[in-house]
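Below is one structure, written out as structure tokens, with a few remarks after it.
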Amino acid sequence: MTRFSMRLLDLFYPNRCGCCGQRTAFDRLLCPGCQAALEALSADYSAWALQNAGEGIPWDGAAAAYRYEGAAKAGVLAMKQGSRNFAYYAAKRLAERVRAAAGPGMPELVTWVPVTKSRRRRQGYSHAELLGKAVAAKLGLPVRGDLLTERAGQVRQHQVGGAERAEYAKRFHSTGKRLSGQTVLLCDDVLTTGSTLRQCTELLKESGAARVMIAAATVRLRTENAESPPASG
Ligand SMILES: [Zn+2]
């Protein structure tokens, strides 16, 4: 799309910041204030996500971009409500982190934490899929959206905690499609207890993935290990 047609489009569909939702310039993903606030929440949480996101971590590599607070939290919530700008913005940083964390063991394909068909229909799209596809585009990797599914259920994840949340994650299952020893990049918007990503990682390995690397746009740090990640970077 040319800049002229982007300007024209902006007259009819005003571009909005992917975090705060305020009108912003047609060629920006975030308003300047949110972009600065988001960058202040950026640190390399990859090592943290690899080591400290819970016990018995099954993934072989991890990348994460922002601390789930302030502008980053607003961006994730806006993305869940249909705004694409935060996904595109976060995908760029996340792709850089994936490259840095993967080294020579770069993923060969990208997938994401699935949602139920009914939720996808209700929302019109899946935010994890949006993020996964944006990261894949940045990395020039193919996507696979046919490996995992989520079974419909009553409980929404934000309503449960701890053991219940681990139980909830068992709602994911494999479609039966086989992989043949690839390294898979598994994307999600928020890494909290890791139970969702843990379950999905195990399923991908059962499906034939040799290695699974996770990519979380944000990490929600628990109080007991809030000091673990680097303060900046
Ligand atoms: Zn903003």
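The residues of the chain are indexed from 1 along the displayed sequence. Read the numbers this way: they start at 1 and go in the same order the structure lists the ligands and their atoms.
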I'd like a table of donor-acceptor pairs (distance under 3.5 Å, sequence neighbours excluded) in which one partner is a side-chain atom from residues 178-189, with atom names and distances.
unit_1, atom_1, unit_2, atom_2, d
Arg178, NH1, Glu206, O, 2.8
Gln182, OE1, Ser180, N, 2.6
Asp189, OD2, His127, NE2, 3.0

Return yes if a side-chain donor-acceptor contact under 3.5 Å exists between Gln35 and Arg28, otherwise no.
->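 Judged by distance alone, the side chains do pair up.
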N, O or S atoms of the protein lying under 2.8 Å from the Zn ion (ligand 1) |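 Near the Zn ion (ligand 1), the protein supplies Cys17 SG, Cys20 SG, Cys31 SG, Cys34 SG.
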Could [X] and [Y] be called an ion pair, given the rule that one side-chain N must be under 4.0 Å from one carboxylate O?
| X | Y | result |
| --- | --- | --- |
| Glu150 | Lys117 | no |
| Arg99 | Glu96 | no |
| Glu69 | Arg220 | no |

Between Gln199 (side chain) and Phe172 (backbone), is there a donor-acceptor pair under 3.5 Å?
->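 Present.
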